[in-house]
2 protein chains.
Amino acid sequence: MRKNQTETAVLGALSVEPMTGYALRVTIRDVLGHFWSESFGQIYPALAELERRGRVKRRGSSRPGSSTFALTGSGRARLKELLAQPVHASPPRNGLMLRLFFGRQLGAEACRSLVLEARHDAARRLKKYEAIREELELDDDHAKDRPFWLLTVSAGEHTARAAITWADETIAALDEIGPSIDAPKQRRR
Amino acid sequence: MRKNQTETAVLGALSVEPMTGYALRVTIRDVLGHFWSESFGQIYPALAELERRGRVKRRGSSRPGSSTFALTGSGRARLKELLAQPVHASPPRNGLMLRLFFGRQLGAEACRSLVLEARHDAARRLKKYEAIREELELDDDHAKDRPFWLLTVSAGEHTARAAITWADETIAALDEIGPSIDAPKQRRR
DNA sequence: GGGCACATGTAAGCTGTTACATGATTAA
DNA sequence: TTAATCATGTAACAGCTTACATGTGCCC
C-alpha cells in the first residue's frame with residue numbers, strides 16, 4: 001500500500017509526457033479512469049514530495065502561475081522500481097454483490113432492478129472502450145505505448161462483456177425464483 | 001459511503017443466523033470474501049453501536065466470555081433500508097492494469113509474468129467457485145438464501161473465465177510486441 | 001464583464017488497517 | 001503443557017475524500 005500508489009500513477013503519467021498538476025488530474029481521471037483513480041487532494045502533495053526528492057523537475061511556466069513537471073532520470077528509475085513491485089490487490093467491496101447475496105431480505109424485484117442497472121452500466125462501458133480503441137488507432141503520437149494501452153482496453157471489454165452475459169442469465173434466474181419467494185400471499189387472487 | 005457499509009455487512013450476516021463477533025469475522029472473510037471485506041477492527045465497534053441502537057440483541061453466552069448477537073425487528077428493518085440504498089461504486093484501483101498501462105517502462109517480459117500470474121489467480125478462483133457451488137447444492141439449511149448466493153457465485157465464475165480468456169489473448173499479444181521493443185540490441189547475435 | 005476552463009494548493013474529517021493486549025477453552 | 005482456536009476489544013496511524021480558498025487567462 002503506502003502512498004506508493006499515488007506516486008506510481010503520477011510518475012507513470014509523467015513518463016508519457018510532461019504536464020502540469022492540473023493536466024495530471026484530468027489525465028488520471030480521463031485516461032486511467034477505467035481502472036484507476038486518484039483523489040485530487042493527493043496529487044499536489046505527491047508532486048511536491050517528488051520534486052523534493054528530485055524525481056521530477058519543475059519547468060518554467062507555460063503561463064504565469066503554472067508549471068510543467070517532467071520526469072528526471074532518477075524519477076524514471078523510481079517508476080521502474082515501483083512498477084516492478086508486487087501487485088497489491090485491494091480488498092474487494094462490491095456493493096451489488098452484497099445486495100444480491102442478501103437478496104432474500106431485499107426482495108427479488110429490487111434485485112432485478114439492480115442487475116438491470118448493472119447491465120446498462122456494462123453496456124455503456126463496452127461502447128466507451130470501443131470508442132477508445134478507435135481513437136487509439138488514429139493516435140500516432142504514442143505508437144510505442146499503444147500496444148500496452150490496448151491491453152487494458154481489452155481487459156475492460158472482456159470484463160464488460162462478461163458482466164452483460166452474467167446479467168442476462170441472472171435476470172432469467174430471478175424471474176424464476178422471484179414470484180415464489182417475493183409474493184406468495186397473492187398468488188392467483 | 002459512511003460506515004453504512006460495515007453496518008450492512010454485519011446486519012446481513014446476522015440475518016442468515018445469529019452468531020458471535022468472532023464468527024462474524026470468520027464468516028465475512030470466508031463467505032463474503034469473494035466480493036467483500038471488512039477490517040476486523042471495525043466489526044466490534046459496529047456491533048456495539050448496533051446494540052446501542054437496538055438493532056441487535058446480545059444473547060447469553062454460549063460459553064463464558066462470549067455472546068451471540070441476533071437481529072431484532074428494528075435490525076431487520078434497518079437492513080432492508082440499507083440494502084435498498086443505491087449502490088455506491090468504489091473508485092477502481094487495479095494495480096495490474098496500472099502496470100500494464102505503463103508496460104513500456106516496465107518491459108514486455110515483466111508484463112508477461114504479471115499476466116500469467118493473473119491467469120493462475122483467475123483459474124484458482126474459478127475452481128473455488130465451482131467447489132462453493134457444489135457445497136451449496138448439498139446445504140439444505142439455507143434453501144431460501146441459496147438462489148441468491150448462487151447469483152454471486154455465478155458472477156465470480158463469469159468474471160474469472162473472462163479474466164482467463166483475456167490473459168491468454170494478452171500473452172499472445174505480448175509475445176508479438178515484446179521482442180521488438182524490449183530487446184532490440186541483441187536481435188540475432 | 002461574466003462565466004468557464006486552467007491552475008495550485010490546504011485542511012478537516014472520515015474510513016480503514018494494523019498491531020497490540022488479554023484471556024478462555026480445546027486438542028495433541 | 002503447550003499450541004491452536006475461540007473470543008473481545010482498543011489505539012495509533014495511514015490513506016483518502018471533500019470542501020474550501022485563491023487566482024489567471026480566454027472567449028463570448
Side-chain angles (χ1 to χ4, degrees), chain A residues 1-10 13-14 17-30 32-33 36-52 56-70 82 88-95 98, chain B residues 1-10 13-14 17-30 32-33 36-52 56-70 82 88-95 98:
Chain A
M1 213 162 290
R2 289 281 180 277
K3 76 160 52 183
N4 285 0
Q5 305 269 171
T6 299
E7 201 185 342
T8 310
V10 167
L14 291 179
E17 57 193 348
M19 56 183 109
T20 66
Y22 183 86
L24 221 36
R25 285 162 65 138
V26 175
T27 302
I28 290 174
R29 194 221 303 135
D30 294 348
L32 308 186
W36 200 259
S37 75
E38 279 303 330
S39 43
F40 295 156
Q42 309 250 110
I43 290 181
Y44 284 107
L47 220 33
E49 175 71 10
L50 285 169
E51 187 185 19
R52 205 179 60 72
V56 301
K57 208 162 66 182
R58 189 187 295 253
R59 293 231 210 95
S61 37
S62 62
R63 60 161 155 162
S66 102
S67 33
T68 300
F69 293 88
L82 286 170
H88 175 75
S90 61
R93 286 205 133 189
N94 187 325
L98 191 69
Chain B
M1 214 163 288
R2 289 281 180 275
K3 77 161 52 183
N4 285 1
Q5 305 269 171
T6 299
E7 201 186 341
T8 309
V10 168
L14 292 179
E17 57 192 348
M19 57 183 109
T20 67
Y22 183 85
L24 221 35
R25 287 162 64 138
V26 175
T27 302
I28 289 173
R29 194 221 304 134
D30 295 348
L32 308 186
W36 199 259
S37 75
E38 278 304 330
S39 45
F40 295 157
Q42 309 249 107
I43 289 181
Y44 284 107
L47 221 32
E49 175 72 10
L50 285 170
E51 188 186 17
R52 206 179 59 70
V56 302
K57 208 161 66 183
R58 189 186 295 252
R59 292 230 213 97
S61 37
S62 61
R63 61 163 156 162
S66 100
S67 32
T68 300
F69 293 88
L82 287 170
H88 175 74
S90 60
R93 285 204 134 190
N94 187 324
L98 191 69

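Side chains are part of it too, since the values below use all heavy atoms of this structure and drop only hydrogens, waters and symmetry mates. First the proteins, then the strands, lettered A, B, ... as listed; each starts at 1.
Closest non-hydrogen pair, Ala9(B) versus Trp36(B), comes out as CB-NE1, 3.6 Å. Across Met19(B) and Thr68(B), no two heavy atoms sit closer than the pair N-CG2, 3.6 Å.
Rounded to whole Å, atom C1' of dA5(C) lies 11 Å from atom CZ of Arg29(A). Counting to the nearest Å, the P atom of dG9(C) and the CG atom of Leu50(A) are 13 Å from each other. Rounded to a whole Å, the CG atom of Leu47(A) is 12 Å from the P atom of dT10(C). As rounded to whole Å, 9 Å separates atom C1' of dT8(D) from atom CZ of Arg25(B). Computed from coordinates, the Glu7(A) CD to dA14(D) P distance equals 16 Å when rounded to whole Å. The interatomic distance linking Gln5(B) (CD) with dG16(C) (P) rounds to 7 Å, in whole Å. Nucleotide dG9(D) holds its C1' atom 16 Å from the CD atom of Glu49(B), rounded to whole Å. If you take CZ of Phe40(A) and C1' of dT10(C), they are 16 Å apart, rounded to a whole angstrom.
Listed pair Ser39(B) / dG16(C) fails the phosphate criterion, with no side-chain N or O lying under 4.0 Å from OP1 or OP2. Distances shorter than 4.0 Å separate none of the side-chain N or O atoms of Ser67(A) from OP1 or OP2 on dA7(C).
Remark on DNA chain D: of its neighbouring residues Ser37(A) and Tyr44(B), the 5'-side contact belongs to Tyr44(B), judged by nearest-heavy-atom nucleotide.
No side-chain heavy atom of Phe40(B) sits under 4.5 Å from any side-chain heavy atom of Tyr22(B). Contact check for Leu47(A) versus Leu14(A): side-chain heavy atoms found under the 4.5 Å cut-off.
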inquiry  = Applying side-chain contact (heavy atoms from CB on, under 4.5 Å) to Ile28(B) and Ile43(B), what does each step give before you reach the verdict?
reply    = CA-CA 10 Å; Ile28(B) 289 173; Ile43(B) 289 181; 4.1 Å; yes
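In this structure, a donor-acceptor pair under 3.5 Å is absent between the side chains of Ser90(A) and Arg93(B).
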Report, one pair per line, the protein and nucleotides 19-21 of chain C atoms (nitrogen or oxygen only) whose separation is under 3.5 Å.
none

Can you check nucleotides 22-25 of chain D for protein contacts, nitrogen or oxygen pairs under 3.5 Å, and list what you find?
residue: dG25(D); atom: O4'; partner: Arg63(A); partner atom: NH1; Å: 2.9

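The distance from the CD atom of Gln5(A) to the OG atom of Ser37(A) is 10.0 Å, given to the nearest 0.5 Å. For the atom pair OG1 of Thr20(B) and CZ of Phe69(B), the computed distance is 8.5 Å after rounding to the nearest 0.5 Å. For the atom pair OG1 of Thr27(B) and CD of Glu38(B), the computed distance is 12.5 Å after rounding to the nearest 0.5 Å.
By the side chain to side chain donor-acceptor pair (under 3.5 Å) test, Arg25(B) pairs with no residue at all, sequence neighbours left out.
Of the candidates dT10(D), dT8(C), dT8(D), the closest approach to any side-chain atom of Pro45(B) belongs to dT10(D). Residue Tyr22(B) places its side chain closer to dC6(D) than to any other of dC6(D), dT10(D), dG9(C). Side-chain proximity of Thr20(A) to the nucleotides dT8(C), dA7(D), dC16(D) is greatest for dT8(C). Distances were taken from every side-chain heavy atom of Arg93(A) (C-beta onward) to each of dG16(C), dT17(C), dA7(C); the shortest belongs to dG16(C). In the set dT17(C), dT8(C), dC16(D), dC16(D) carries the atom at the smallest distance from any side-chain atom of Gln42(A).
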